[in-house]
Every structure is written in structure tokens, then in C-alpha cells.
Participant: 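Once you've had a glance at the structure underneath, I'll fire off some questions.
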Amino acid sequence: VVFPTFEKFLAARGAGQPFCYWLGSHDPHVPWDRESTVDRAKIRVPAHLPDHPSVREDIAGYYAEVEKFDAECGALLDLLRNAGELDNTLVIMTSDNGWQVPRGLAGCYDLGVRIPMAARYPARLGGGVRRDDFVSLLDLAPTFLEAAGIEVPRGVTGKSLFGKARRSSMFLERERHANVRRGDLSYPVRGIRTREYLYLWNIEPDRWPAGDPELYWAVGPYGDVDNSLSKQLLLREKPAPYFDLVFGKRPSEELYDVRKDPNQVRNLAGDAAFASVKRELRSRVVRWMKETGDPRAVGPSDFWDKVVYTGPKARR
């Protein structure tokens, strides 16, 4: 059932009735349409983008929408507090993808897969605690079940946020985001992120990672990157090396030392000094693919290319 507001949802709920409510906000999402008061001079520009007024304005717009979402969530928490339910409710704030900036959303670099998450549940979670665990949205299902006192079924691969188990790494994968390559082609990536390294295997390196340079079906040129001031700048001026970092074809393997290179712009996959690291991480990725029954574990596959795309066709 869809409710226009959380306040109306609470009013319709029976007294003492357990509930689950999902607020889906459009903030932050391009086009940014909130007035920003952020000091542009204090903005930190990621290393894969040029330090240009358009990029700083882009980031300021993003921050403005983050602030708007924070304010909306604060109002919801006040409603729970006024209803006497705040300390009895598990509240989780998170997102469905990474930052909607070039080389972010739809990619496997940290800007694409690292998402915010904050949780509040005094009965099980201590306040004021910051954790740097590897967490997946898969972990929400067992967390919700445990909070409700329901046994987690066997076969669930997520880990409850209440548990003591900690991951030392996270596996990553990507196929088709939008229909932006001729022939409905995906851009398959498998990888692993540890505390020290990010390893990515670009399985079809001859394809365009950000989508074809010209509009095929959806979004526009390089359609896996949504339109923004930063994208417009890159397309208009093609500054080096930023244009290639965002839109250019990539080698079959990428390896980054995330401690020294947090923005992941210096590929070490061809450096002999890191050959053993690359070999070990690739073997872990291949083993994971076999364990999970990944069709690509046994060779080339066009399974995802043939999945019917149901999104709208862009106007030419």
C-alpha cells in the first residue's frame, strides 16, 4: 500500500501494530534542483575530475540534496518520537547506489559501490558508534528478521548487523545498467574490495564501460553516466586525463592500492611489484564466481545481453 506521507501511514496503523515502512526519496538525484549554501571553495574534488567551477557547482548541488534528505528523515524521526515509538523502532538510512557523478553510479569503483548507511535501534545498537565493516544491502533482510524475532532461513547469504561476524572483503559485480550499447550489450565486471586493494576484472574490455559514444537506446551518449554539469564539461572540453578516466575503454584488469590512491586513478595491474597481489585477488574472484554459479565462471556468456530491456527509449 502506498501512503502519501509517513504521518498518514502512522495514523492508519492500528494501536500497537508492528509495522514496516519504506521511504523512497528522489534526493539526492540529478538534476540537482536545491539551492546550495555550501562554500564552493571548501569542496574537495575527486581526483578523477578536473578542479573546475562546473564540477564544484555540481558537487554543491549534490550536497544540497543530501541536506534536504537529512531534513526529511529528521522530520520522520520526530513523528516517531511524538508517537512514543522512536526507541522501539529499527531505523536504517541508506541508498541504492553510489554517488551520481561521472565514474560513480553504475561503476565498481568506490564512488559507485560505497553507499551511506546509518542505523538506530537502542535495544540492540549502541549509540554514537562508527564502524568500518564491509556491509551489503543483502544484510538488511537477516537484520530485519532478527529484530522481529524471526529465525533467519538457511541459505540467506547476508549477515545481520547485530551479529559479531565481520567481513574482511566484499565481492563486486556489474552487468547491464541501462541499454546504452549497440546490441543491448552489458559491460561485465567482477571484482573484490579488501581494506588494502580494489581488484576489477573487466571481462569484455573492448566494450565501452560508460556506454557507446553515441546514443543507442537510453539516456544519451556514454549513457551509463547520467547528465550533469561535470559530464557536460568532460564532453565539451575533453580534458586529459579525466575524459579517458571516465569514458575511455579500460584494460581487462585493474588494481588499486586504496590506502595510497583512495580515488582509484593509478592502475597497478601491470606493475610487476604487485603481480602476486593481483594473482591472489583474481583467484579469489574466480573461486567466488564458481561457488555462486556465475554463468561467466565457465566462459563467455551472453545471458545478460539477451535479458529484455523494459526501460524507455530516449528521444532523439
Participant: Rounded to the nearest 0.5 Å, how far does CG of N267 lie from CZ of F274?
Facilitator: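 Rounded to the nearest 0.5 Å, the CZ-CG separation comes to 11.0 Å.
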Participant: Between D87 and R120, does any NZ, NE, NH1 or NH2 come within less than 4.0 Å of an OD or OE carboxylate oxygen?
Facilitator: yes
Participant: With side-chain contact (heavy atoms from CB on, under 4.5 Å) as the criterion, how do E237 and H52 come out once you've worked through the C-alpha distance, each side chain's angles and the decisive distance to 0.1 Å?
Facilitator: CA-CA 11 Å; E237 300 187 8; H52 186 279; 4.2 Å; yes
Participant: Only one of R284, R195, R193 clears side chain to side chain donor-acceptor pair (under 3.5 Å) with S169; which?
Facilitator: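 That would be R284.
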Participant: Is the F6 to Y21 ring centre distance short of 6.0 Å?
Facilitator: yes
Participant: Do any N or O atoms from the side chain of R174 and from the backbone of A106 form a donor-acceptor pair under 3.5 angstrom?
Facilitator: yes
Participant: Main chain of S136, side chain of D139: is a donor-acceptor contact present, judged purely on distance under 3.5 Å?
Facilitator: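 Here the side-chain-to-backbone pair exists.
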Participant: Whether D224 and R181 form a salt bridge (side-chain N of Lys/Arg under 4.0 Å from carboxylate O of Asp/Glu) is what I want to check.
Facilitator: yes
Participant: Please report whether the ring centroid of Y62 lies less than 6.0 Å from that of W32.
Facilitator: yes
Participant: Quick one: does L235's side chain get under 4.5 Å of F243's, heavy atoms only?
Facilitator: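 Yes - at least one pair of side-chain heavy atoms lies under 4.5 Å apart.
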Participant: Side chains of V101 and L111, heavy atoms from C-beta outward: is any pair under 4.5 Å?
Facilitator: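 A side-chain contact under 4.5 Å exists here.
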Participant: If I take atom NE2 from residue H48 and atom CG from residue L234, how far apart are they, to the nearest 0.5 angstrom?
Facilitator: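 Atom-to-atom, H48:NE2 and L234:CG are 8.0 Å apart.
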Participant: Between L255 and Y197, is there a side-chain heavy-atom distance shorter than 4.5 Å?
Facilitator: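 Contact flag for Y197/L255 side chains = yes.
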Participant: Ion pair present between E175 and R296, side-chain N to carboxylate O less than 4.0 angstrom?
Facilitator: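 Result for this pair is yes, salt bridge flagged.
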Participant: Considering only heavy atoms from C-beta outward, does the side chain of S186 approach that of R207 to under 4.5 Å?
Facilitator: yes
Participant: Is the shortest distance from a Lys or Arg side-chain nitrogen in R176 or D305 to a carboxylate oxygen in the other one below 4.0 Å?
Facilitator: no
Participant: Do R190 and W304 form a cation-pi contact, if we require the NZ or CZ to be under 6.0 Å from the six-membered ring centre and within 45 degrees of the ring's axis?
Facilitator: yes
Participant: Starting at SG of C108, measure out to CD of E254 and round the result to the nearest 0.5 Å.
Facilitator: 9.5 Å
Participant: Give the minimum heavy-atom separation between P312 and A218, together with the two atoms involved.
Facilitator: O-CB, 4.1 Å
Participant: Run D184 and Y216 through side-chain hydrogen bond (donor to acceptor under 3.5 Å, both in side chains) and show every step you take.
Facilitator: CA-CA 9 Å; D184 305 338; Y216 166 56; 2.8 Å; yes
Participant: Between F19 and F9 (judged by ring centroids, cut-off 6.0 Å), do the two rings come close enough to count as a pair?
Facilitator: yes
Participant: With salt bridge (charged side-chain N to carboxylate O under 4.0 Å, His left out) as the test, would you mind laying out the steps for K260 and E196 before giving the verdict?
Facilitator: CA-CA 9 Å; K260 298 179 180 179; E196 298 82 18; over 6 Å; no
Participant: Give a yes or no on whether the backbone of S230 and the side-chain of D58 come within a donor-acceptor separation of less than 3.5 Å.
Facilitator: yes
Participant: Could you tell me whether the side chain of K278 and the main chain of A269 form a donor-acceptor pair under 3.5 Å?
Facilitator: yes
Participant: If Ile, Leu, Val, Met, Phe, Trp and Tyr residues are connected whenever their side-chain heavy atoms lie under 4.5 Å apart, and connections chain through other members, are V219 and L185 in the same group?
Facilitator: no
Participant: Rounded to the nearest 0.5 Å, what separates atom CZ in R114 from atom CE in M170?
Facilitator: 12.0 Å
Participant: Under the side-chain hydrogen bond (donor to acceptor under 3.5 Å, both in side chains) criterion, do D110 and Q264 qualify, and how do the steps go?
Facilitator: CA-CA 8 Å; D110 279 4; Q264 294 130 36; 3.0 Å; yes
Participant: Can you find a pair of side-chain heavy atoms, one from S168 and one from F134, that are under 4.5 Å apart?
Facilitator: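 No, every pair of side-chain atoms sits at 4.5 Å or beyond.
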Participant: For the residue pair D27 and V66, establish whether any side-chain heavy-atom pair is separated by less than 4.5 Å.
Facilitator: no
Participant: Do the side chains of I192 and V277 join up, straight or via other hydrophobic residues, at under 4.5 Å, putting them in one cluster?
Facilitator: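 Same cluster: I192 reaches V277 through Ile, Leu, Val, Met, Phe, Trp or Tyr contacts under 4.5 Å.
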Participant: Please tell me whether W99 and V246 are part of a single hydrophobic cluster in this structure, the criterion being side-chain heavy atoms less than 4.5 Å apart.
Facilitator: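 Yes; V246 is reachable from W99 via cluster members.
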Participant: Short question: side chain of D133, backbone of V135 - any donor-acceptor pair under 3.5 Å?
Facilitator: no
Participant: Walk me through it: do V38 and E57 pass the test side-chain contact (heavy atoms from CB on, under 4.5 Å)?
Facilitator: CA-CA 9 Å; V38 174; E57 192 64 29; over 6 Å; no
Participant: Which atom pair, heavy atoms only, marks the closest approach of L145 to P153?
Facilitator: CD1-CD, 3.8 Å
Participant: Is any side-chain heavy atom of T143 closer than 4.5 Å to a side-chain heavy atom of L90?
Facilitator: yes
Participant: Look only at the side chain of Q17 and the backbone of G14, and say whether a donor-acceptor pair between them is shorter than 3.5 Å.
Facilitator: yes
Participant: As an exercise, state the distance from CZ of R282 to CD of E253, rounded to the nearest 0.5 Å.
Facilitator: 5.0 Å
Participant: Is the count of non-hydrogen atoms from other residues, nucleotides or ligands lying under 6.0 Å from E7 atom CD greater than 12?
Facilitator: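 Counting other residues, nucleotides and ligands, CD of E7 stays at 12 neighbours or fewer.
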Participant: So, does K231 use its side chain to make a donor-acceptor pair with the main chain of Y222 at under 3.5 Å?
Facilitator: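 Confirmed, K231 side chain pairs with Y222 backbone.
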Participant: Could you tell me whether the side chain of D212 and the main chain of R182 form a donor-acceptor pair under 3.5 Å?
Facilitator: yes
Participant: Flag the pair R56 and D51 as a salt bridge only when some basic side-chain nitrogen lies within less than 4.0 angstrom of an acidic carboxylate oxygen.
Facilitator: yes
Participant: Would you find more than 12 non-hydrogen atoms of other residues, nucleotides or ligands less than 6.0 Å from K290 atom NZ?
Facilitator: no
Participant: Do Y121 and I92 pass the side-chain contact (heavy atoms from CB on, under 4.5 Å) test, and can you show the C-alpha distance, the side-chain angles, and the key distance before you say yes or no?
Facilitator: CA-CA 9 Å; Y121 191 42; I92 292 181; over 6 Å; no
Participant: Should we say atom CZ of R40 is surrounded by more than 12 heavy atoms from elsewhere, each under 6.0 Å from it?
Facilitator: yes
Participant: For the residue pair Y109 and L200, what are the closest heavy atoms and their distance?
Facilitator: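 Y109 and L200 have their closest heavy atoms at CE2-CD1, 3.8 Å.
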Participant: Which heavy atom of V45 sits nearest to which heavy atom of P50, and what is that distance?
Facilitator: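 Shortest heavy-atom separation between V45 and P50 comes out as CG1-O, 3.8 Å.
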Participant: Can you tell me how far CD of E65 sits from NE2 of H26, rounded to the nearest 0.5 angstrom?
Facilitator: 8.0 Å
Participant: Between V265 and R103, is the side-chain contact (heavy atoms from CB on, under 4.5 Å) condition met? List the steps.
Facilitator: CA-CA 11 Å; V265 295; R103 214 167 180 255; 4.2 Å; yes
Participant: In this structure, would F3 and L10 fall into the same cluster of hydrophobic residues linked by side-chain contacts under 4.5 Å?
Facilitator: yes
Participant: Could you check whether atom CZ of R236 has more than 12 heavy atoms from other residues, nucleotides or ligands sitting under 6.0 Å from it?
Facilitator: yes
Participant: Could you walk me through whether S252 and N202 pass side-chain hydrogen bond (donor to acceptor under 3.5 Å, both in side chains), step by step?
Facilitator: CA-CA 5 Å; S252 60; N202 300 309; over 6 Å; no
Participant: For P205 versus P251, what's the shortest heavy-atom pair and its separation?
Facilitator: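 Looking at all heavy atoms of both residues, the closest pair is CB-C, 4.2 Å.
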Participant: Grouping I, L, V, M, F, W and Y whenever their side-chain heavy atoms are under 4.5 Å apart, do L125 and L137 come out in a common cluster?
Facilitator: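 Yes, one cluster joins them.
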Participant: Are E146 and R124 ion-paired here, with the side-chain N under 4.0 Å from a carboxylate O?
Facilitator: yes
Participant: Just so I know, are the side chains of E280 and Y199 near enough to count as touching, which here means a heavy-atom distance under 4.5 Å?
Facilitator: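 E280 vs Y199: side chains apart.
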Participant: Taking all atoms of both residues into account, what is the closest heavy-atom pair of S36 and A60, and its distance?
Facilitator: OG-O, 3.1 Å
